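First the structure, in the form of structure tokens, and then the observations on it.
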Number of protein chains: 2
Amino acid sequence: MSIDRPELGFLLNRLLREVIEREQPILDQHDLQMWDYVIIAALGSGPSPTQNELAGMTGRDKTRLIRNLDRLEERGLLSRTPDPGDRRNRIVTLTADGRQVLDSCRAGIRAMEEDLLAGADARDRAGFESALVALTRPPSR
Amino acid sequence: MSIDRPELGFLLNRLLREVIEREQPILDQHDLQMWDYVIIAALGSGPSPTQNELAGMTGRDKTRLIRNLDRLEERGLLSRTPDPGDRRNRIVTLTADGRQVLDSCRAGIRAMEEDLLAGADARDRAGFESALVALTRPPSR
DNA sequence: TATTGTTATACTCTATAACTATA
DNA sequence: TATAGTTATAGAGTATAACAATA
């Protein structure tokens, strides 16, 4: 049985907007749009992907990804190099500068999350994070 | 201290999209868009508001609200009547048909949520719902 | 012929500003 | 003059299709 509460969609929407609003000033410090951050965060969590793979990882359409990559490359935060194995592909890699910006954002965001989650009961919070991870993992679909 | 997990924004975004995806077939059954449902849900949870108040309640811009109200009124799910006290205002009220559609959607959504939340450990789930409500309530701002 | 990256086009959604009627 | 509701216009964001290079 469940507690009586507003619908999940309402609650999740409200909370996500709160998170986005709190992340904005952090990203602004590095002159990053939300999609820029999603992209460099994806690049910082594994081996360098092709643009196509990066599009799949981030959920951004491959045609819309390009503008972001252009800007980030011009700022020296990432580089695009042809794949020697298949020269149709371009491999996207985070530069040292890009890594530094990513780490700085991550630290700021982690601190923001700590502050936000402090608003919940400590025991509830543990269940919240655990369930959130479990529910987000796709059930073998 | 927190468990090691992806960022809140990532998790909340993924879960919200899952919820929206699962709600879509329910709303489709009643030929409702997401905003239509948000609107009739707001109308079903208190005294009949003016269009301006309804815009504030739902977060929808008052100019964009109008198209939704036009469609819903034409379908007989709500009515707009001039406020006798201030004839600039139009008071929006759910009709009996609108109430019936709302109740049907709510039942379907509640069942969907039960199914979705079954994917989490029962104890975690209690903390999840409790923390979600607590974190969504604006801290006196 | 199929695929990657790219560009161009059309379409949708959103934001802003005007208009009317009431106050 | 100011406000609620409405409409119209311009801008941003998005989807789709075409193109060049490579396989």
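Because the structure is a prediction, the values reported are computed rather than measured. Proteins get letters first, then strands, A, B, ... in listed order; numbering begins at 1 in each. These numbers come from the heavy atoms of this one structure, side chains and all, not from hydrogens, waters or symmetry mates.
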* **Annotated protein contacts, base or backbone, on nucleotides 7-23 of chain C with a non-hydrogen cut-off under 4.0 Å, one of B, S, - each** => B------SSBB----BS
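- When the shell of 6.0 Å around CD of B:Gln100 is examined, it contains 12 or fewer heavy atoms from other residues, nucleotides or ligands.
- Scanning both residues, A:Gly76 and A:Asp97, for their nearest heavy atoms gives O-CB, 3.8 Å.
- Protein atom CG of B:Leu78 is 13 Å distant from nucleotide atom P of D:dG5, rounded to whole Å.
- Taking both residues in full, the closest heavy atoms of B:Pro49 and B:Leu43 are given as CD-CD2, 3.6 Å, listed atom of the first, atom of the second, then distance.
- If you take CD of A:Gln51 and P of D:dA21, they are 17 Å apart, rounded to a whole angstrom.
- Between A:Leu78 atom CG and A:Arg71 atom CZ the span is 11.0 Å, to the nearest 0.5 Å.
- Taking atom CZ of B:Arg67 as the reference point, atom C1' of D:dT7 lies 11 Å away to the nearest angstrom.
- When rounded to the nearest whole Å, the span between CG of B:Leu65 and C1' of D:dT6 equals 12 Å.
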* So B:Ser130 and A:Asp124, side chain to side chain donor-acceptor pair (under 3.5 Å) or not? Walk me through it. -> CA-CA 6 Å; B:Ser130 179; A:Asp124 289 344; 2.7 Å; yes
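- B:Asn89 has no side-chain polar atom (N or O) that falls below the 4.0 Å cut-off from OP1 or OP2 of D:dA4.
- Here A:Arg80 lies in heavy-atom contact (under 4.0 Å) with sugar-phosphate atoms only.
- To the nearest 0.5 Å, atom CG of residue B:Leu15 and atom CG of residue A:Leu135 are 5.5 Å apart.
- A:Asn52 has its CG atom 11 Å from the P atom of C:dT3, to the nearest Å.
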